[in-house]
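Below, each value reflects all heavy atoms present in this structure, side chains not excepted, and no hydrogens, waters or symmetry copies.
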Amino acid sequence: YNSMQEVSKRKVEPFRLCFKGNSWYLQAFCLEKQEFRTFKVSRMDKVELLEKTFIPYRTYPPEIEAVSKEPPSLIP
């Protein structure tokens with residue numbers, strides 16, 4: 001689920017777990033988007049471990065930015 005509670009199904013190659021702003025995040029290479037993405041672990045549902053293997057990437061995903069404690073403003 002994303003922050004708007006929209007559901008998507010992804011296949012990813014995991015890279016690392018990060019803890020920021022009191023939450024765990026998975027940084028992984030998304031096979032659908034063909035780039036590194038960051039996923040909030042608490043929003044994941046029905047996670048499956050597949051038998052398929054992969055060669056880890058030699059490049060690193062960008063660092064996760066600090067997470068704000070304040071909710072985003074709805075007024076621009």
Side-chain angles (χ1 to χ4, degrees):
Y1 300 91
N2 66 15
S3 61
M4 309 270 289
Q5 297 302 310
E6 298 167 330
V7 176
S8 66
K9 185 174 183 176
R10 305 289 180 94
K11 285 187 181 179
V12 301
E13 296 174 348
F15 187 79
R16 68 177 163 206
L17 284 171
C18 302
F19 188 75
K20 292 275 187 164
N22 297 321
S23 296
W24 283 100
Y25 293 86
L26 171 68
Q27 288 190 295
F29 189 80
C30 177
L31 298 175
E32 177 184 328
K33 303 292 184 178
Q34 288 294 298
E35 62 185 16
F36 280 103
R37 293 293 173 109
T38 302
F39 303 94
K40 192 170 187 177
V41 174
S42 65
R43 291 188 189 141
M44 294 180 183
D45 190 24
K46 300 178 185 171
V47 175
E48 295 178 46
L49 178 63
L50 304 177
E51 293 293 324
K52 185 178 177 183
T53 61
F54 64 95
I55 298 171
Y57 290 87
R58 293 182 185 257
T59 59
Y60 290 89
E63 290 294 321
I64 297 176
E65 295 180 18
V67 178
S68 172
K69 298 286 185 186
E70 297 294 320
S73 173
L74 297 178
I75 301 172

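- Legend: residues meeting side chain to side chain donor-acceptor pair (under 3.5 Å) with Asn2, ordered by chain and number and at least two apart, are Glu6.
- Take Lys40 and apply the side-chain contact (heavy atoms from CB on, under 4.5 Å) test, not counting sequence neighbours, and it matches Ser23, Tyr25, Ser42, Arg43.
- Here Val12 sits in one hydrophobic cluster together with Leu17, Phe19, Trp24, Leu26, Phe39, Val41, Met44, Val47; the rule is ILVMFWY side chains under 4.5 Å apart, joined directly or through other members.
- Atom CD of Glu13 sits about 11.0 Å away from atom NZ of Lys11, to the nearest 0.5 Å.
- Within the structure, no pair that satisfies the salt bridge (Lys or Arg N to Asp or Glu O under 4.0 Å) test touches residues 45-55, not counting sequence neighbours.
- Looking at every heavy atom in both residues, Ala28 comes nearest to Pro14 through CB-CA, 3.8 Å.
- Partners of Arg37 according to the side chain to side chain donor-acceptor pair (under 3.5 Å) rule, which considers only residues two or more places apart in sequence or in another chain, are Glu35.
- In terms of the side-chain contact (heavy atoms from CB on, under 4.5 Å) criterion, residue partners of Gln5 (sequence neighbours excluded) are, by chain and number, Tyr1.
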